[in-house]
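We count ligands from 1, going down the list as the structure has it; atoms in each ligand are counted the same way. The first residue in the sequence is number 1, and the count goes up from there.
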Amino acid sequence: MKASIIGTTGYGGAELLRILKNHPEFEISSIHSTRDNLAISDEYPHLIGIMNDQLQKIEPEKISESADIVFLATPSGVSGELAAQFVNKNIKIVDLSGDLRLPASEYKQWYKKEPTSDEVINQAVYGLTEWNRDIVKDSHLISNPGCYPTATLLGLAPVVVEQLIEKDQIIIDAKSGISGAGRSLSRTSSFAEANENFTAYKVNQHQHTPEIEQQLKVWNKEMEAITFTTQLLPITRGIMATCYVKLKENYSTKQLVELYEHTYQQSPFVRVRPVGNYPSVKEVAGSNYCDIGLHIDERTGRMTIISVIDNLMKGAAGQAVQNANLMFGMEETTGLEMTPLYP
Ligand SMILES: NC(=O)C1=CN([C@@H]2O[C@H](COP(=O)(O)OP(=O)(O)OC[C@H]3O[C@@H](n4cnc5c(N)ncnc54)[C@H](OP(=O)(O)O)[C@@H]3O)[C@@H](O)[C@H]2O)C=CC1
Ligand SMILES: CC(=O)N[C@@H](CCC(=O)OP(=O)(O)O)C(=O)O
């Protein structure tokens, strides 16, 4: 199967290259950039001797004639326009941006950008793979989830689906490594500002808030607004979402660990930790795993759920390929069974 990548020079694009270069079924047929005078190894010297392909112009007509799938690793605001140019062509599409995840009116409110048309958005299937395998398989257009929503939703799903928690008491304390902000330079992600620092940002205003709420409502339409805080960790990769929920009845930690194990027993990329064991971001770095640990505080009736992913893998390119695998009838693990890079 032939795959093209647009936005190749970004971090998500580079991670797609790393995965697809070693994928047994996908072959990278073309890589694209707005700067088509470069070879990818000019932009990324770590690829010298591995991949020296020339970056090409972004020409949807040509790409859809030569590839079976295109990955849009482009910024929000750009991806939607590109998706609109591919949807009626004979090519499958996986978009890594936020452009297709929300209805147009809500997108405008949270992203403060012009949305693409509802006609395109409505064709997209939300690619939270573990919960949407059946619709992902039959889709031609995938809206890949955001990095924070992936960690958060996989952590919350079992207790929301089983309706074990209060509908208006979810608090999510989330932290991301700096690669989550992409490769462009900015003051907040510069070394001097981020190193040995720890900063909260977009408090109660993060664009992933409605994406999380929307999916919680799919699982249980009674669910109400969440409290969501995002923070910048001085590490390169990794997200930890610590979720606090209020249980409706008394359960032991062991009972809920068993529920999580049961829920995810057919999900090779979700690893539930045993009682008393909590994951760290390093333990999933470079891999497509989402590791989840949990504990119930019997004094307060609250449960703490700790969910970690690598933002560039399960939070972006890894999940994108997981979805692409299903779209072409492959095992979802194909080309994605990397062991985490440790230490
Ligand atoms: N980083 C992460 O952890 C995650 C990222 N995402 C999403 O994935 C997408 C890619 O993210 P990331 O790789 O981090 O971002 P980067 O900023 O690192 O890269 C984005 C790339 O998009 C290309 N681009 C920029 N403007 C345009 C344009 N007008 N037309 C076409 N291409 C353009 C650029 O390539 P060039 O200059 O070569 O054209 C750039 O390298 C974003 O939508 C992001 O929100 C989702 C989950 C996690
Ligand atoms: C650390 C950091 O800055 N992360 C980014 C994640 C952006 C992202 O993934 O954007 P989408 O909305 O397109 O998914 C942020 O919090 O905005």
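With a heavy-atom cut-off of 4.0 Å, Ala14 does not touch ligand 1 at all. Contact annotation: for Leu82 versus ligand 1, there are no heavy atoms closer than 4.0 Å.
Using a 3.5 Å distance cut-off with no hydrogens or angles, the side chains of Ser267 and Arg133 do pair a donor with an acceptor. Side chains of Asp297 and Thr304: a donor-acceptor N/O pair is absent below 3.5 angstrom, by distance only. One side chain, Ser4 or Ser30, offers a donor N or O that lies under 3.5 Å from an acceptor on the other. A side-chain donor from one of Ser79 and Asp95 sits under 3.5 Å from a side-chain acceptor of the other.
Those atoms of ligand 2 that come under 4.0 Å of a heavy atom in Arg101, given as number and element, are 11 (P), 12 (O), 14 (O). Near Leu232, meaning under 4.0 Å from any of its heavy atoms, are these atoms of ligand 2: 1 (C). Here is the list of ligand 2 atoms found below 4.0 Å of a heavy atom in Gln207: 7 (C), 10 (O), 12 (O), 15 (C), 17 (O). Per-residue contacts place Tyr111 under 4.0 angstrom from the following atoms of ligand 2 (heavy atoms of the residue considered): 11 (P), 12 (O). With ligand atoms numbered from 1 in the order given, ligand 2 contributes 13 (O) to contacts under 4.0 Å with heavy atoms of Gly98. The atoms of ligand 2 that sit less than 4.0 Å from any heavy atom of Tyr148 are 16 (O). Each of the following atoms of ligand 2 lies closer than 4.0 Å to a heavy atom of His206: 15 (C), 16 (O), 17 (O). Those atoms of ligand 2 with a heavy atom of Ser76 less than 4.0 angstrom away are 13 (O).
Contact annotation: Thr230 has no heavy atom less than 4.0 Å from any atom of ligand 2. For the pair His208 and ligand 2, a heavy-atom separation below 4.0 Å is found.
The local environment of CD in Glu166 is crowded, with over 12 non-hydrogen atoms from other residues, nucleotides or ligands closer than 6.0 Å.
Taking the six-membered ring for Trp and thresholds of 30 and 60 degrees, Tyr201 and His206 have ring planes more than 60 degrees apart, a perpendicular arrangement.
Annotation: side chain of Leu247 is in contact with side chain of Leu256 (closest heavy-atom distance under 4.5 Å). When side chains are defined from C-beta on, Val78 does not count as touching Ile6, because their heavy atoms never get closer than 4.5 Å. Considering only heavy atoms from C-beta on, Tyr289 stays 4.5 Å or farther from Lys314 through its side chain.
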Problem set entry | Ile172/Leu156 under side chain to side chain contact (heavy atoms under 4.5 Å, CB included): CA gap, chis, key distance, verdict | CA-CA 10 Å; Ile172 301 147; Leu156 289 172; 4.3 Å; yes
For this session: Test side chain to side chain contact (heavy atoms under 4.5 Å, CB included) on Met338 and Ile19 and set out the steps.
Result: CA-CA 9 Å; Met338 301 85 169; Ile19 299 168; 3.9 Å; yes
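The presence of a protein heavy atom under 4.0 Å from atom 5 (C) of ligand 1 is ruled out. Counting only heavy atoms, the protein never gets under 4.0 Å from atom 45 (O) of ligand 1. Proximity of atom 11 (O) of ligand 1 to the protein is not indicated, since no non-hydrogen protein atom lies closer than 4.0 angstrom.
Looking only at protein heavy atoms, the nearest one to atom 4 (N) of ligand 2 is Gly180 O, 3.2 Å. The single protein non-hydrogen atom nearest to atom 29 (N) of ligand 1 is Val78 CG2, 3.5 Å, given as residue, atom name and distance. For atom 47 (C) of ligand 1, the nearest protein heavy atom (residue, atom name, distance) is Gly315 O, 3.1 Å. For atom 18 (O) of ligand 1, the nearest protein heavy atom (residue, atom name, distance) is Arg183 N, 2.8 Å. At the shortest separation from atom 1 (N) of ligand 1 among protein heavy atoms lies Ser179 O, 3.0 Å. Regarding atom 24 (N) of ligand 1, its nearest protein heavy-atom neighbour is Pro75 CD, 3.6 Å.
Comparing Thr9, Thr34, Thr150 by heavy-atom distance to atom 41 (O) of ligand 1, the nearest is Thr9. Closest heavy-atom approach to atom 32 (N) of ligand 1 within the set Ile31, Thr74, Leu312, Asn311: this belongs to Thr74. Considering only non-hydrogen atoms, atom 20 (C) of ligand 1 lies nearest to Ala73 out of Ala73, Pro149, Ala317. Counting heavy atoms only, Leu96 comes closest to atom 8 (O) of ligand 1 of the residues Leu96, Leu185, Ile178, Leu16.
Of the possible donor and acceptor atoms, none in the side chain of Lys202 sits under 3.5 Å from a partner among the backbone N and O of Gln207. Not a single donor-acceptor pair under 3.5 Å links the side chain of Lys167 to the backbone N or O of Lys221.
Of the polar atoms of Gly177, none of the N or O atoms is found under 3.5 Å from an N or O of ligand 2, judged by distance alone. Here's the thing with Gly10: one of its N/O atoms is less than 3.5 angstrom from an N/O atom of ligand 1. Polar contact check, Lys202 against ligand 2: a nitrogen or oxygen pair lies under 3.5 Å apart. Any N or O atom pair closer than 3.5 Å counts here, and Gly12 shares at least one such pair with ligand 1. For ligand 2, none of its N or O atoms has an N or O atom of Cys147 under 3.5 Å away. Checked against a 3.5 angstrom limit, the closest N/O atoms of Ser176 and ligand 2 fall outside it.
Note: the hydrophobic cluster containing Tyr107 does not contain Leu82 (ILVMFWY, side chain heavy atoms under 4.5 Å, direct or indirect links).
Of the residues listed (Glu211, Gln319, His208), the one engaging Thr150 in a side chain to side chain donor-acceptor pair (under 3.5 Å) is Gln319, and it is the only one.
Between atom OG1 of residue Thr333 and atom CG of residue Asn288 there is a gap of 10.0 Å, rounded to the nearest 0.5 Å.
Across all their heavy atoms, Gly127 and Ile142 have their closest contact at CA-CG2, 4.0 Å.
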